[in-house]
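Take a look at the structure set out below.
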Amino acid sequence: MQGTFGLSLPKESLIRTSAEYALCYAQGRRMHTRHFLLFVAPPAEGDEGVRLGTAVSRKTGHAVVRNRIKRVLRECFRLHLRRLPVSARIVVVAKRQAGSAALRLDDVTHELTDALNRYFHLS
RNA sequence: GGAGCCGGGCGGAUCGCCGCUGCGCUCUUUUUGUGCAGGAUGGGCCUUGUGCCUGCCGGCACAGAAAGGCGGAGAGGAAAGUCCGGGCUCCGCAGGGCAAGACGCCGGGUAACACCCGGGAGGGGCGACCCUCUGACAGCGCCACAGAAAGCAGACCGCCCUGCACGCAGGGUAAGGGUGAAACGGUGGUGUAAGAGACCACCAGACACGCCAGCAAUGACGUGUGCUCGGCAUACCACGUCUGGAGCAAGACCAAGUAGGGGAGGCGGCUCGCCCGGCCGUGUGCCUCCCGGGUCGGUUGCUUGAGGGUACGGGAGACCGUGCUCCUAGAGGAAUGGCGGUCCCGCACAGCCUGAUCCGUCAGGCUGCGCGGACAGAACCCGGCUUACAGUCCGACUCUCUGA
RNA sequence: CGGGAUGUAGCGCAGUCUGGGAGCGCACUUGAAUGGGGUUCAAGGGGUCGAAGGUUCAAAUCCUUUCAUCCCGA
């Protein structure tokens, strides 16, 4: 399991219950980037690797825009964030201006990896 | 060619790599259960038997699960707003009355509708065409300001007659004036003191009757009555028709699991609101509210349907019937995607070519580069309505300009 | 999924039911009183009444559609 995650995105690596979201909001460290607000919380008991949660409110835009942001975030997580040699639960909350920014995958990847590298003191 | 109007259609195409969710195959691997036959034979029980129970090893078959593999599918015309109408499900028995709400010319279509089709009337537009639709002699109201007067009777300035104290009183009149969105038919004449449907002719309308056409709304015609009668129900209201309530978080099943509590209130509670009626419960106890506690998982409902396509038939059309054919998303912190290439379309710029030219440019084509490709995401399912929308195609029609 | 409220001057609100003049307070501008400021007094400016259409002689008000914000219940 460890080392070669592959490129797949199983559902177990996503945060899916409101209890877990609430825990991340309460215990996580907050970090701001240009378009997102990150909550980084320690992993669950006996868990390894990185898990992702996304939250995009209606203030960000209509449904097509919100779905697009979530899909790009998941794609970024699948291709890059899961390979980080750490264990954590990360919740990404889209800010209001993320809706009108027409974000591409590369932009999001740079924005999030920079922030997380600073946080974990990597490279 | 330009401008417009109506109806219908499309809503970028394709390839590569990686990913997501169902479905199918059962090709691998693992595993569970059941059955069958077999091999070594271990343990236990006694009634010591060709006994019974249990365990080990691999094999085959069937069923299930997980991971991988292969195959195939995967957002819309509005999926949107949630404005109507149904299906479905439960509560329940919907029986009556009141209330409330929606709708409102006529006929038809439909499961139903506030939708659609056809017709009628009124209004707008040169026109194609578009918009609107019960009732104002059932009641109750409103019509500001201006104006004499705003609804049915009346008379400010005028006009005319009479009287006299000579600018006032009484009477007649509604032609003329001005106000207003709207002023009690219009034009011309007869008539008169002045006038007036007082009377006459024509025009417009209303009402009643008759008759014809039409299923009907309604329309045409004729006769009579001088009858001339305002608008607003998209204010209340009246009349007619319809409506039981909630909604897939409906509902059903399985699993897990705490408490069998405490307090307050009512004798009743439920049936959309109210009344009658009905049903349920009543001391080992009903109902409501609050506090406290547990669970907040899985399966199903869940996609084959008033379904799409096509041919023929019926109909003026909406639509209906019959035959053949197709299967086309089912998520759940919520899949249907990410990145890149090529092509297509539009716009702008640059260059070249061709044609026209009033030498300012204009039109078309090719190449290159850049930018852009809308509105918008299924959440039980249908039928509509409304709203948003880059661009584009097809068909019918109208007006106008020019040419033959 | 179901239900409700609000939108009027820069800000906070009334007026909407029952249709005819668009108002109130604060803020703003000008002037007066003061040596100056504050306070006070007087005068004044500022409005697509969220948007579009309809009914009406006339619409902030009535009707329909639509946009935005907010709040409940499951």
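Numbered from 1 within each chain, the chains take letters A, B, ... in sequence-line order. Since we're looking at a predicted model, the values are computed, not measured.
- Each of A/Thr54 and A/Leu105 has a nearest nucleotide on RNA chain B; the 5'-most of these lies closest to A/Thr54.
- In this structure, OG1 in A/Thr54 is found 4.5 Å from NZ in A/Lys70, a value given to the nearest 0.5 Å.
- Within the structure, every side-chain polar atom (N or O) of A/Arg16 is placed at least 4.0 Å from both OP1 and OP2 of B/rA335.
- C/rG35 takes the anti form, because its glycosidic angle lies more than 90° either side of 0.
- Applying the 90° cutoff around 0 to the glycosidic angle, B/rA216 is assigned anti.
- Both A/Leu84 and A/Met31 belong to a common hydrophobic cluster when Ile, Leu, Val, Met, Phe, Trp and Tyr are linked at side-chain heavy-atom distances under 4.5 angstrom.
- Between A/His80 atom NE2 and B/rG338 atom C1' there is a gap of 10 Å when expressed in whole angstrom units.
- Shown here, B/rA249 forms no base pair; nothing in the strands shown gives a Watson-Crick or G-U wobble contact with both key distances under 3.5 Å.
- Nucleotides B/rC91 and B/rC279 place their C1' atoms 13 Å apart, quoted to the nearest Å.
- Following chains of ILVMFWY side-chain contacts shorter than 4.5 Å, one can reach A/Leu103 starting from A/Val65, so the two form part of one hydrophobic cluster.
- One interatomic measurement links the two molecules: CZ of A/Arg68 to C1' of B/rA374, which rounds to 17 Å at whole-angstrom precision.
- The gap from the P atom of B/rG96 to that of B/rG377 amounts to 46 Å, rounded to the nearest Å.
- Comparing A/Val65 and A/Val72, the nucleotide of RNA chain B nearest to each residue sits closer to the 5' end for A/Val72.
- Within the structure, side chain to side chain donor-acceptor pair (under 3.5 Å) pairs that include any residue of residues 21-35 of chain A comprise A/His32-A/Lys95, A/Thr33-A/Glu111, A/His35-A/Glu111 (at least two apart or interchain).
- With B/rA75, B/rG337, B/rA376 as the choices, the nucleotide that has an atom nearest any side-chain atom of A/Asn67 turns out to be B/rA75.
- Atoms CD1 (A/Ile69) and P (B/rG333) sit 19 Å apart, rounded to a whole Å.
- Look at B/rG197: its glycosidic torsion is within 90° of 0, and that puts it in the syn range.
- One distance of note links CZ of A/Arg51 with CG of A/Leu81; it measures 14.5 Å at 0.5 Å rounding.
- The number of heavy atoms from other shown groups lying within 6.0 Å of NE2 (A/His62) is above 12.
- The two atoms that bring A/Ser87 and A/Gly49 nearest to each other are OG-N, 3.0 Å, heavy atoms only.
- No engagement by A/Leu79 is indicated, since no non-hydrogen atom pair under 4.0 Å with the nucleic acid exists.
- A straight line from CZ of A/Arg82 to C1' of B/rG338 spans 16 Å, rounded to a whole angstrom.
- Of the nucleotides present, B/rA67 is the one that pairs with B/rU28 by Watson-Crick or G-U wobble criteria, both distances under 3.5 Å.
- Straight-line distance between the C1' atoms of B/rA182 and B/rC145: roughly 14 Å, to the nearest whole Å.
- With a cut-off of 3.5 Å on both pairing distances, the Watson-Crick and G-U wobble pairs of RNA chain C assemble into stems of 3 or more at C:1-7 with C:67-73, C:10-13 with C:23-26, C:28-32 with C:40-44, C:50-54 with C:62-66.
- Nucleotide B/rC126 forms a pair with no other nucleotide shown, judged by Watson-Crick or G-U wobble geometry with both contacts under 3.5 Å.
- Base pairing of B/rC267: no nucleotide in any strand meets the Watson-Crick or G-U wobble criterion (both distances under 3.5 Å).
- In this structure, the NE2 atom of A/His62 is 15 Å from the C1' atom of B/rA75, given to the nearest Å.
- For B/rU132, the paired nucleotide is B/rA121, the pair qualifying as Watson-Crick or G-U wobble because both relevant distances are below 3.5 Å.
- Here the closest heavy-atom approach between residue A/Cys76 and residue A/Leu112 is recorded as SG-CD1, 4.2 Å.
- Pair assignment for B/rC199 gives B/rG189, based on Watson-Crick or G-U wobble hydrogen-bonding distances that are each under 3.5 Å.
- Rounding to the nearest 0.5 Å places OG1 of A/Thr113 at 10.0 Å from CZ of A/Arg118.
- Note: A/Thr109 OG1 to A/Leu79 CG = 7.5 Å, rounded to the nearest 0.5 Å.
- When the C1' atom is used for both B/rG85 and B/rU110, the distance is 11 Å, rounded to whole Å.
- With rounding to whole Å, A/Phe77 atom CZ is found 17 Å from B/rG333 atom P.
- Counting atom types as modelled, A/Arg104 pairs no side-chain N or O with a base atom of B/rC339 as donor and acceptor under 3.5 Å.
- B/rC143 sits 26 Å from C/rC49 when the P atoms are compared, rounded to a whole Å.
- Rounded to whole angstrom, the span from the CD atom of A/Glu75 across to the P atom of B/rU336 amounts to 9 Å.
- Listed here is the closest heavy atom pair of A/Leu73 and A/Leu52: O-CD2, 4.0 Å.
- In this structure, A/Arg71 reaches the B/rU336 phosphate: one of its side-chain N or O atoms is under 4.0 Å from OP1 or OP2.
- In this structure C/rU56 sits in the anti conformation; its chi angle is more than 90° from 0.
- Residue-level contact check: A/Arg74 touches the backbone only, with heavy atoms under 4.0 Å from sugar-phosphate atoms and none from bases.
- In this structure, CG of A/Leu81 is placed 17 Å from P of B/rG338, rounded to the nearest angstrom.
- Distance noted for atom P between B/rG231 and B/rA183: 13 Å (whole Å).
- In this structure, B/rG22 is classed as syn because its glycosidic torsion stays within 90° of zero.
- Here, B/rU258 and B/rA249 have their P atoms 29 Å apart, quoted to the whole Å.
- The same atom, P, is picked in B/rG364 and in B/rC359; the two are 23 Å apart, to the nearest Å.
- B/rC312: Watson-Crick or G-U partner is B/rG321, with both key distances under 3.5 Å.
- Note on A/Arg66: every side-chain N or O is 4.0 Å or more away from OP1 and OP2 of B/rA334.
- Nucleotide B/rU34 is matched to B/rA61 when pairs are restricted to Watson-Crick or G-U wobble geometry with both distances under 3.5 angstrom.
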